[in-house]
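These values consider heavy atoms only, across backbone and side chains, with no hydrogens, waters or symmetry-generated copies. Not measured: the values here are computed from a predicted model.
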Amino acid sequence: MKIKPYAQLSIALLALLFSFQGAVQAQSLWRDDVVRPMFADKRGANIGDIITIVVQENTTASKNNETKTEKNSGLTAAVSSFLYPGFLSYKGSMPAVQYNSDLKHDGTGAINNSETIVAHVAVKVMDVLPNHNLVIEGRRETSFSSEHQTIVLRGIIRPEDIGSDNTVLSQNVADATIQIVGKGTVTDTQNKGWFTQIWDKVNPF
């Protein structure tokens, strides 16, 4: 049976269409293991996911110490006679010892420290524990007016503490480590000079 020319053309076009669809499917940008549905939960739960930690820390420390010590001691001793009258006497007086000591110490000390930290730090999920808790770690660096500030945050969070906006309050971070290091003119001005620091160490008073 002889195939008509237009039938041959149709078969060729269908073969080309199927081969094109196969190539497109092989090179598709859609990945089921990465892309989430539009209405899926957007909260971080896997390694590499990003979660925002809302840092709101208010720390207040107050301590007052007062120490008072007092010690009085005295000693009086005299020899009225020894062996025979007049022995060991000097200008009509016998040997005598008198000692009085009065020691007092009064010391006071007070510490009042208050610190407030407010920041938003994006952290990455580094590991997922067997109980589904998430190990997080993040770092943020900012520079302004010759001041350089670095914030490092580490800890462990529970998935149920992650809000619908993919944020977690810092008070819900277990084993939290929050380090804030500043460098610059203002920071250097607030710190003591090297000689003053050494003098504070060796000063006995």
With [X] via side-chain hydrogen bond (donor to acceptor under 3.5 Å, both in side chains) - residues at least two apart:
{"X": "Glu160", "value": "none"}
{"X": "Thr142", "value": "none"}
{"X": "Asn58", "value": "Thr116"}
{"X": "Arg158", "value": "Asp161"}

Nearest 0.5 Å please: distance from the [atom1] atom of [X] over to the [atom2] atom of [Y].
{"X": "Glu66", "Y": "Thr108", "atom1": "CD", "atom2": "OG1", "answer": "6.5 Å"}
{"X": "Asp102", "Y": "Asn100", "atom1": "CG", "atom2": "CG", "answer": "9.0 Å"}
{"X": "Glu147", "Y": "Lys183", "atom1": "CD", "atom2": "NZ", "answer": "11.5 Å"}

Exercise for review: Quickly, which of Val123, Val121, Val152 forms a side-chain contact (heavy atoms from CB on, under 4.5 Å) with Arg139? Name it, please.
Suggested key: Val152
What pairs of donor and acceptor atoms, side-chain ones from residues 126-138 against any protein atom, are under 3.5 angstrom apart with sequence neighbours left out?
residue	atom	partner	partner atom	Å
Asn131	OD1	Asn133	N	3.2
Glu137	OE2	Arg154	NE	3.4

Side-chain atoms of residues 166-179: list all donor-acceptor pairs with protein atoms under 3.5 Å, sequence neighbours left out, distances to 0.1 Å.
residue	atom	partner	partner atom	Å
Asn166	OD1	Gly44	N	2.9
Asn166	ND2	Ile50	O	2.7
Thr167	OG1	Asp165	OD1	2.7
Thr167	OG1	Asp165	OD2	3.3
Ser170	OG	Gln56	N	3.2
Ser170	OG	Glu57	OE2	2.8

Check your understanding: Going hydrophobic residue to hydrophobic residue with side-chain gaps under 4.5 angstrom, can you get from Ile156 over to Ile51?
Key -> no
Revision key, fill the gap. Shortest non-hydrogen pair, Lys104 vs Glu70, comes out as CE-OE2, 3.3 Å
